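What follows is a single structure, written as structure tokens, with notes after it.
In this text the structure is predicted, and so the values were computed from the model without any measurement. Naming: A, B, ... by sequence-line order, numbering from 1 per chain.
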Amino acid sequence: MSRPVVTRFAPSPTGFLHIGGARTALFNWLYARHLGGRMLLRIEDTDRERSTEAAIGAILDGLSWLGIEWDGDVVYQFARAARHREAAESLLAAGRAYHCYATQGELEEMRETARREGRPPRYDGRWRDRDPAEAPAGAKPVIRLRAPGEGETVVEDHVQGRVVWQNRDLDDLVLLRSDGTPTYMLAVVVDDHDMGVTHVIRGDDHLTNAARQTQIYDALGWETPEWAHIPLIHGPDGAKLSKRHGALGIDAYRELGYLPAALRNYLVRLGWSYGNQEIFSDAEMVAAFDLPQIGRSPARFDFAKLENLNGHYLREAPDEEIVAALEGLLPVLGPARGLGRGFDPALRAKLVQAMPGLKERAKTLVEVLDSASFLYGPSPPALDGKAEALLDGAARARLAGILPGLAEVAPWEAPEIEAVVRSFAEGAGFKLGQVAQPLRAALTGRTTSPGLFDVMAVLGQAECLARIRARAASAEARPALSAAG
RNA sequence: GCUCCCAUCGUCUAGCGGUCUAGGACGUCGCCCUCUCACGGCGAAAACAGGGGUUCGAGUCCCCUUGGGAGCGCCA
């Protein structure tokens with residue numbers, strides 16, 4: 001390794017950090033880590049109209065949440081405008097660029113003509129060799145690159161291979177606008193060069209830009225970086241994943257209950273593979289990631305697979321961590337569920353205790369929280385349709401029948417509870433399920449839940465007896481309802 | 001329209017000329033486990049877009065067609 005690898009992630013703060021950007025950032029981060037290099041972050045905010053502070057915040061927060069950390073200070077492109085101008089001026093002085101006074105109207109006309117003649121729309125170079133003395137009085141010129149008119153421009157890409165453009169198909173792009181501000185094309189080249197970027201890993205949509213940027217590098221006499229243009233991520237329907245097609249910001253994935261580790265794992269396998277391995281710890285990802293295994297074709301985003309991965313990471317996560325993550329989501333998930341901004345200590349303890357059974361059955365944090373509703377909802381819990389149907393007269397009679405036995409259980413631990421329930425079922429000639437399901441319905445309001453005896457242990461003896469009495473057949477058990485708190 | 005990129009199960013992908021009667025994962029469907037649901041285990045259905053070449057031999061190389069996608073701004 002002759003020179004240390006430097007990659008960069010360079011989003012423009014005109015919106016949230018979307019899934020494609022997140023993967024690009026992840027790839028840059030992994031590649032830099034893999035080679036012991038650095039990943040820099042540059043905010044491309046030269047579009048003053050559309051750039052916002054909120055978007056910058058969303059991008060930074062999104063990266064942090066995803067666990068992608070950049071090296072050094074964030075570079076703000078707009079702050080480097082003077083340097084960009086200086087580069088354009090040097091090109092002008094060297095004769096590699098020139099002033100162009102063409103008006104918007106003329107440009108429009110050129111594109112029109114080109115299209116009509118079946119040529120790629122491009123600037124015709126009318127000011128390329130024209131005497132500046134002919135410039136219309138008072139007109140502010142732009143500075144255009146004097147691009148090579150013949151020959152070809154080649155991009156050796158680590159993903160796409162060798163891509164060749166005929167120079168006649170590329171026009172003299174604008175480097176500096178008439179108001180003296182740099183264009184994206186110039187700014188990127190100058191910044192990547194100044195920041196010492198060795199590898200540009202970005203979306204496929206920049207492939208053509210790589211050709212044009214190569215011409216700028218050449219004119220400046222600089223060495224081009226290594227390129228790796230990764231295929232875009234499409235929506236489930238195969239169409240481009242854009243804001244209009246329901247693309248979500250990374251914060252939306254957080255609120256949907258996905259874990260950063262799961263998202264990283266899902267994203268790294270979207271467009272990149274390592275034999276048949278599907279699950280990667282961060283260390284494994286860093287160790288295995290490399291450019292040659294990046295695929296060339298675009299991938300569709302598949303929520304089902306993300307959910308599966310999320311379930312995997314949920315099951316692996318320590319119980320306390322999940323509760324903490326749940327708590328972090330309370331501001332957005334709590335209100336609709338009657339929960340505040342935090343869990344009180346008692347509920348918190350119950351959640352931790354119930355978590356082993358809860359997390360095994362959920363794909364997302366939202367599902368974890370919902371399936372735990374019997375711990376924080378009303379008592380007795382409202383019955384859903386299936387639970388209501390299940391609690392017919394016979395079932396309610398069974399509830400009444402087991403009440404005395406349960407009142408005797410001590411200590412109130414899962415094995416002891418299970419022993420009593422089983423012996424009751426056996427003695428009365430019921431199958432365990434005939435007793436367990438009514439109990440489940442009475443205690444949770446649903447027909448599905450974590451293991452019944454674990455649920456009972458977490459709920460506590462008094463609460464269980466109260467809930468069972470509330471649903472049991474015996475009339476004299478009813479008054480006890482009010483005592484159930 | 002022009003330039004460029006892409007093409008293996010529904011989806012993500014393995015495959016880098018012969019070991020492919022094409023492998024894994026998600027999803028789907030069965031069966032087992034079982035107090036429910038999950039988890040887990042076992043099994044099934046499911047793909048080399050089409051056509052030409054090259055080669056003793058092509059999913060793998062070349063060309064065309066078709067189908068996707070991206071880019072063509074004094075946006076980034």
Side-chain angles (χ1 to χ4, degrees), chain A residues 10-14 44-47 49-51 77 100 102 104 107 111 114-123 140-144 155 157 159-161 163-166 169-171 173-179 181-185 187-188 203-209 211-212 229 231-232 234 236 238-240 266 269-279 292-293 295-309 311 315 357-363 371 386 390 418 421-422 425 431-437 439-441 444 446-453:
Chain A
S12 62
T14 54
E44 310 216 316
D45 55 352
T46 54
D47 184 341
E49 295 292 307
R50 298 195 295 154
S51 297
Q77 192 161 60
C100 168
Q104 290 297 340
L107 260 19
R111 281 193 277 270
R115 180 174 293 257
R116 201 165 39 235
E117 294 172 1
R119 291 181 292 108
R122 48 159 291 190
Y123 170 69
K140 288 274 192 197
V142 299
I143 294 181
R144 281 184 186 274
V155 168
D157 192 273
V159 176
Q160 309 296 346
V163 185
V164 181
W165 282 266
Q166 296 307 311
D169 292 330
L170 272 11
D171 63 357
L173 61 272
V174 173
L175 299 173
L176 209 64
R177 302 190 186 98
S178 49
D179 66 359
T181 61
T183 60
Y184 161 78
M185 221 55 90
V188 168
D204 216 352
D205 49 338
H206 285 286
L207 186 57
T208 325
N209 291 339
R212 318 193 77 181
H229 289 90
L232 268 19
H234 291 170
K240 185 191 180 187
Y266 177 69
R269 282 286 288 100
L270 212 53
W272 175 85
S273 62
Y274 191 67
N276 280 335
Q277 188 170 346
E278 298 284 347
I279 303 290
Q293 301 105 306
R296 287 150 303 271
S297 54
R300 297 186 188 204
F301 193 88
D302 181 17
F303 273 99
K305 188 149 185 174
L306 205 213
E307 291 217 330
N308 173 270
L309 243 14
R315 268 171 261 133
L358 254 17
K359 68 185 184 185
E360 188 169 304
R361 293 164 172 75
K363 303 282 192 204
S371 62
K386 288 179 186 169
L390 186 140
E418 176 166 3
V421 175
R422 278 187 188 278
K431 289 201 286 192
L432 183 57
Q434 288 177 288
V435 178
Q437 279 303 81
L439 280 172
R440 188 187 315 280
T444 69
R446 304 178 186 183
T447 53
T448 68
S449 80
L452 179 65
F453 309 115

Counting any heavy atom closer than 4.0 Å, what does [X] reach on the DNA or RNA strands: base, sugar-phosphate only, or nothing?
X	value
Arg315(A)	sugar-phosphate
Glu44(A)	sugar-phosphate
Ser51(A)	nothing
Tyr266(A)	nothing
Val435(A)	nothing
Gln104(A)	base
Gln160(A)	sugar-phosphate
Thr447(A)	base
Leu270(A)	sugar-phosphate
Pro231(A)	nothing
Val174(A)	sugar-phosphate
Gly311(A)	nothing

[atom1] atom, [N] versus [M]: distance in rounded Å?
N	M	atom1	result
C61(B)	A44(B)	P	31 Å
U21(B)	C37(B)	C1'	40 Å
A14(B)	G24(B)	P	15 Å
G10(B)	U19(B)	C1'	30 Å
A25(B)	C9(B)	C1'	12 Å
U28(B)	C12(B)	C1'	16 Å
A22(B)	A46(B)	C1'	13 Å
G51(B)	C42(B)	P	38 Å

Discussion item. Has Asp157(A) got a side-chain atom pairing as donor or acceptor with His229(A)'s backbone, closer than 3.5 angstrom?
Written reply: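 Yes; at least one donor-acceptor contact below 3.5 Å.
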
Side chain of [X], base of [N]: donor and acceptor closer than 3.5 Å?
X	N	result
Arg361(A)	C37(B)	yes
Asp205(A)	G71(B)	no
Ser178(A)	C74(B)	yes
Arg440(A)	C35(B)	yes

Any side-chain heavy atom of [X] within less than 4.5 Å of one from [Y]?
X	Y	result
Glu278(A)	Lys305(A)	yes
Ser297(A)	Pro231(A)	no
Tyr123(A)	Cys100(A)	yes
Arg440(A)	Leu452(A)	yes
Gln160(A)	Val155(A)	no
Asp47(A)	Tyr184(A)	no

Would you mind telling me which of [options] lies closest to the side-chain atoms of [X]?
X	options	result
Arg300(A)	U13(B), U36(B), U11(B)	U11(B)
Asp47(A)	C5(B), A76(B), C4(B)	A76(B)
Phe453(A)	C35(B), C37(B), A76(B)	C35(B)
Ser449(A)	U36(B), U13(B), G40(B)	U36(B)

Spacing between [X] atom [atom1] and [N] atom [atom2], to the nearest angstrom:
X	N	atom1	atom2	value
Lys305(A)	U28(B)	NZ	P	14 Å
Gln166(A)	C2(B)	CD	C1'	14 Å
Glu307(A)	A38(B)	CD	P	14 Å
Arg296(A)	C16(B)	CZ	P	13 Å
Ile279(A)	C26(B)	CD1	P	9 Å
Asp171(A)	G73(B)	CG	P	7 Å
Arg122(A)	G73(B)	CZ	C1'	15 Å
Asp302(A)	U28(B)	CG	P	11 Å

Within less than 4.0 Å of OP1 or OP2 of [N], is there a side-chain N or O belonging to [X]?
X	N	value
Arg446(A)	U36(B)	no
Lys363(A)	C39(B)	yes
Arg144(A)	C74(B)	yes
Asn308(A)	G27(B)	yes
Thr183(A)	C74(B)	no
Thr208(A)	U3(B)	no

Could you identify the nucleotide paired to [N], looking across every strand shown and requiring Watson-Crick or G-U wobble geometry with both distances under 3.5 Å?
N	answer
U19(B)	none
C48(B)	none
C26(B)	G10(B)
C33(B)	none
G1(B)	C72(B)

Worksheet, complete the sentence: On RNA chain B, more 5' by nearest nucleotide between Ser12(A) and Tyr274(A) is Tyr274(A)

Discussion item. Assuming nearest nucleotide by heavy-atom distance, tell me which of Gly161(A) and Asp179(A) is located more 5' along RNA chain B.
Written reply: Gly161(A)

Item to complete: Classify the angle between the aromatic ring planes of Trp272(A) and Tyr274(A) as parallel (below 30°), tilted (30 to 60°) or perpendicular (above 60°).
Response: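 It falls in the parallel class, under 30°.
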
Response to the item:
Interatomic distance, CD@Gln77(A) vs OG1@Thr46(A), rounded to 0.5 Å, equals 5.0 Å

Worksheet item: Between CZ of Arg122(A) and CG of Leu173(A), what distance do you get to the nearest 0.5 Å?
Response: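 The CZ atom of Arg122(A) sits 11.5 Å away from the CG atom of Leu173(A).
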
